[in-house]
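Here's the structure, in structure tokens; my notes come after.
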Amino acid sequence: MKAVELEKAYNPKDFEQRIYCKWKEAGEFRPRKSEKEHFSIVMPPPNVTGILHMGHALNNVLQDIIVRYQRMLGKPVLWVPGTDHAGIATQNVVERQLQKEGLRRQDLGREKFLERTWAVKEKHHDIIKSQLEKMGCSCDWDHERFTMDEGLSRAVREAFVTLYERGLIYKGKYLVNYCPKCGTALADDEVEYENVPGKLYDVRYPYADGSGYITVATTRPETMFGDTAVAVNPDDERYTDVVGKMLLLPLTDRQIPIITDRFVDKEFGTGMVKITPAHDPNDFECGKRHNLEQINLLNPDGTLNENVPEKYRGMKAEEARKLVVDDLEKGGYLVKITDHAHDVGHCYRCHTTVEPYLSEQWFVSMKSLADKALKAWKDGDIVFYPRRWENTYTHWMENIKDWCISRQLWWGHRIPVWYCQDCGKMIVSRTDVDECPDCHSHNLVQDSDVLDTWFSSWLWPFSTLGWPDKTPDFGQFFPTNTLVSAYDIIFFWISRMIMASEEFIGKAPFRDIVITGLVRDIQGRKMSKSLGNGIDPIEVIDKYGADAMKFTLCYLAAQGQDVMIDMDSFRLGSRFANKIWNATRYLLLNLEGRELVGIDRSKLSIMDRWIYSRLNAASASIRSAMENYRFNEAAQTIYSFFWNDYCDWYIEASKPRMLNGTDDEKNLAVSVLMDILEKSMRLMHPFLSFVTEEIYQKLPNHKGDVISASYPEYNAENDDAEADRLVGMMQEASRAIRAARANLQIAPEKKLKVVIRLAEGKEADFLSEEKNLLKAFLSASDVIIDTASSEDVQGAFPVTSVGFEAFLFVRDAIDIEAETKRLSAEIEKNEALLAASEKKLSNENFISHAKPEAVEKERAKKAEFEEKISKAKEHIALLRSF
RNA sequence: GGAGGAUUAGCUCAGCGGGAGAGCGCUUGCCUUACAAGCAAGAUGUCACAAGUUCAAUCCUUGUAUCCUCCACCA
């Protein structure tokens, strides 16, 4: 057989792109035909507002690992990719573009505006897709979806109309969160609260009869024009005799009453609250209880409207506030101003301060949906990894509020409701309507609002598979198995998907919910554009390769903990990929002149049996890690198996045989090396997809592509405790002797005679068998395995260890003092351990309560400490005799 | 106010009811015909603090401190 030459340096750019194309063209990402149970995942659809950041990379890398692993288990695997139209966010992007051109969306008109938005969508979609491809995501592009696809739009209408028919969607005039900049209503959870310094203004409201005044505290004096009452707590004895009196609202000629309401906190401020039903959620509720008038003061753009005195009209709230405060002061109404930090809601997309705004909106009644979703959790139909997120989920579900789903935007799914301009009928329909069913008029207009983006996203696990139609995809792949998502969208998305799926289909949309951490910078800050601390996944791939990025993220992704990284972090994965590359490179060069032979277990050496045992253990450990979504554990297992066990010990151990063995021995050695290498590529493929495929293709013993190969299975037969024990001892001996050499500062090239003295038995047989190996590992001129204690070790340097003694025949000057010091320290350490051990063993309670294995283990440890101490003492004596 | 997380080596973080781990960094020696992105040998820890449970606690319980996140409220 000829040697195969790999490029000297690992350079992922040489093959990553090429391999991805090859996989894609070969249809490897499509579900294969198989009798096995399906495995499916829907990708959380990235927004088409921008490009993918490190958080997306983490999320998709983990999905890819799961998907490749499941695929190698032989299942028909479907990973559905797609993108989200992201209503407000995308519309904002386009509006910002227009702004630069000095235009507003109204200047373009709805149709032209949407054309431009589609173009933005296309552009970002293409970038996102190419990013996912560069990362190596093995999603099925034939199944790619977009939330505004025709099919998905149909699903949205189906969902809306069904809910309407079930009485779960209603329209009404309510106080909603409103972003004046975006010009639309927001859902409660789209508001981000931020603590900002502000002022608390104490203002006098005089009694209408001129008999004095009361004082109220407010942070927003400009809303006073919407006041329709002042409230006190009914139990507040200070005010019992003023309840019912009328007040004159300053700066106006309106009169408002003093009322009582339980929500008022007696302790806060003066215990008197101005009630502004149209501009505060609490006041809104209070106003409803008391049938107060709701006076809306705002125009849709956030400026004050005709319900305020003329001089303030058209002003933004903040401008008006200053003026109102001035005027109050001039009128003698202002008592004092104090600093008062409070939480102010901001739009989660543009960060403008949101206003409570009274307007006509559509809502989903959530209570019954939440009950079903809670039941799904209680029944164990969904499981969170890690479980602690279940608290977050249930807490939200149990305190759910109705969901405002209408948005005053253009980009999104139009609400499927039409109004007859002639008879006023409202028509809710799955299909477009052009005739009024009552009066047959064609003078119909569709509701101008669009739906909240999440109203399409919450259908994603089934709308992407064809729902509401009963398609083959839906039949085969729904429900999906696993959802991988970050914790910041549990409310927005995960919870709602479960609600929708339970409501429309009666099943949970997935069983396992894997919650990842967020990616942060090395200082622990969230990566964000404004901080400029983001790391572009593509830059990482350009510098280190997709495998390095994937493996590093996987290695660091521990059980939903946040991942802190900088550019240098990825050296971890890069070094590992490089190691794999170079180990392979070495092995392939050694194929020259060799033949691969069948591997007969009975002919295997202990070392061979050991590496098979290690591989087996790694495979079992990875399997269990993957079943529990413990990605970092899987990555660590792979790392230590391949680097420490295979490269550092097994390949090194094979070298003497490859140099000095017979042809048969060499052929067997190469065959086992290749067998382990081939299996390692399969083992590692989900985690380092490109480099394993590139290598796999060069292996003389490969069949097909690694992406579609089978995953190495755990096989109890290959567990080999004896080989583990023997090789463990050999490693221990090597380490001890190498350490002694290093301490004695013996040059590496200096070959010493070594005598290893131990009792007859398997260990001795093994060491005798592997004498050549020991010579190489110990840099020894000769190794004598001395079971009869017949060798003369007079004057040889003794090495402390357990189960055997070793002697180095070194004639050079030894720093006896330093070595004695080291041994003394060792004695001291072991004496402390021995004391602890003896104390334990003399404790009756320990002997009677502890597990017998634990007691046994403790006894063994005690013996070990004793042996170490006595040997070290012996060795000190020996050194003194030098 | 409620919930959750973090606190382990200089840094970033795993781990776990029975003698403290990894990677990076650091020290020393090696370009050993795969890899200097490497090999070998090292040093470094009151596992935040306090009490409790236990034969045994870094791990379980409770409390304390510091930091972080989410939810709710805030006139």
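Numbers restart at 1 for each chain; the letters A, B, ... are given by sequence-line order, proteins then strands.
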(message) Distance check, P atoms only: G63(B) and U69(B), in whole angstrom units.
(response) 23 Å

(message) If I take atom CD1 from residue Ile580(A) and atom CG from residue Leu688(A), how far apart are they, to the nearest 0.5 angstrom?
(response) 4.5 Å

(message) Between the side chains of Glu652(A) and Lys655(A), is the shortest nitrogen-to-carboxylate-oxygen separation below 4.0 Å, so that they form an ion pair?
(response) yes

(request) Can you sort out the partners of Phe641(A) under ring pair (Phe, Tyr, Trp, His ring centres under 6.0 Å), two or more places apart, ordered by chain and number? (result) none

(request) Would you mind reading off the distance between Leu6(A) atom CG and A34(B) atom C1', rounded to a whole angstrom? (result) 10 Å

(message) Give me the distance, rounded to whole Å, that separates G15(B) from A9(B) when you measure between the P atoms they each carry.
(response) 15 Å

(request) At under 4.0 Å between heavy atoms, which parts of nucleotides 35-46 of chain B does protein reach? Answer with one letter per nucleotide, 5' to 3': B base, S sugar-phosphate only, - none. (result) B-BSSSSS----

Check the interface with nucleotides 54-61 of chain B: list each N/O to N/O pair with the protein under 3.5 Å, or write none.
{"residue": "C55(B)", "atom": "OP1", "partner": "His849(A)", "partner atom": "ND1", "Å": "3.3"}
{"residue": "C55(B)", "atom": "O2'", "partner": "Asn843(A)", "partner atom": "ND2", "Å": "2.7"}

(message) How long is the straight-line distance from CD of Glu285(A) back to CG of Asp261(A), given to the nearest 0.5 Å?
(response) 10.5 Å

(request) Using the P atom as the reference point in each nucleotide, state the distance between C26(B) and A37(B) in Å, no decimals. (result) 13 Å

(message) Can you check the distance between U12(B) and A3(B), where both ends of the measurement are the P atom (answer in whole Å)?
(response) 30 Å

(message) With rounding to the closest Å, how many angstrom separate the P atoms on C73(B) and C67(B)?
(response) 26 Å

(request) Using a 3.5 Å limit on both pairing distances, list the dot-bracket string of RNA chain B from the 5' end; Watson-Crick and G-U wobble pairs count, crossing pairs take [ ], interstrand pairs take |. (result) (((((((..((((....[..)))).(((((.......))))).....(((((..]....))))))))))))....

(request) Using the P atom on both, measure A50(B) against A65(B) and round to a whole Å. (result) 15 Å

(request) In whole angstrom, give the distance that lies between atom OH of Tyr544(A) and atom C1' of C24(B). (result) 12 Å

(message) I need the CG-P distance between Asn399(A) and A3(B), as an integer number of Å.
(response) 13 Å

(message) Donor-acceptor check, side chain of His279(A) to backbone of Leu297(A), threshold 3.5 angstrom: yes or no?
(response) yes

(request) Tell me whether the centres of the aromatic rings in Phe777(A) and Trp649(A) are closer together than 6.0 Å. (result) yes

(request) State yes or no: are the ring centers of Phe687(A) and Phe551(A) separated by less than 6.0 Å? (result) no

(message) Can you check the distance between C47(B) and G5(B), where both ends of the measurement are the P atom (answer in whole Å)?
(response) 22 Å

(message) Could you tell me how far A40(B) sits from G25(B) if I compare only their P atoms? Round to whole Å.
(response) 16 Å

(request) Check each of Trp403(A), Trp389(A), Trp396(A) against Phe491(A) using the ring-ring contact (aromatic ring centres under 6.0 Å, His included) test, and report the only one that passes. (result) Trp396(A)

(request) Remember a base hit wins even if backbone is also touched, and classify Leu572(A) as base, sugar-phosphate or nothing at under 4.0 Å, heavy atoms. (result) sugar-phosphate

(message) I'd like to check the ring pair (Phe, Tyr, Trp, His ring centres under 6.0 Å) partners of Tyr201(A); sequence neighbours left out, ordered by chain and number.
(response) none

(request) Round to the nearest Å and state the distance from Glu192(A) atom CD to U69(B) atom C1'. (result) 13 Å

(message) In this structure, how many angstroms lie between the P atom of A72(B) and the CG atom of Asp343(A), rounded?
(response) 10 Å

(request) Let me have a per-nucleotide readout for nucleotides 7-14 of chain B, 5' to 3', with B, S or -, counting only protein heavy atoms under 4.0 Å. (result) -----SSS

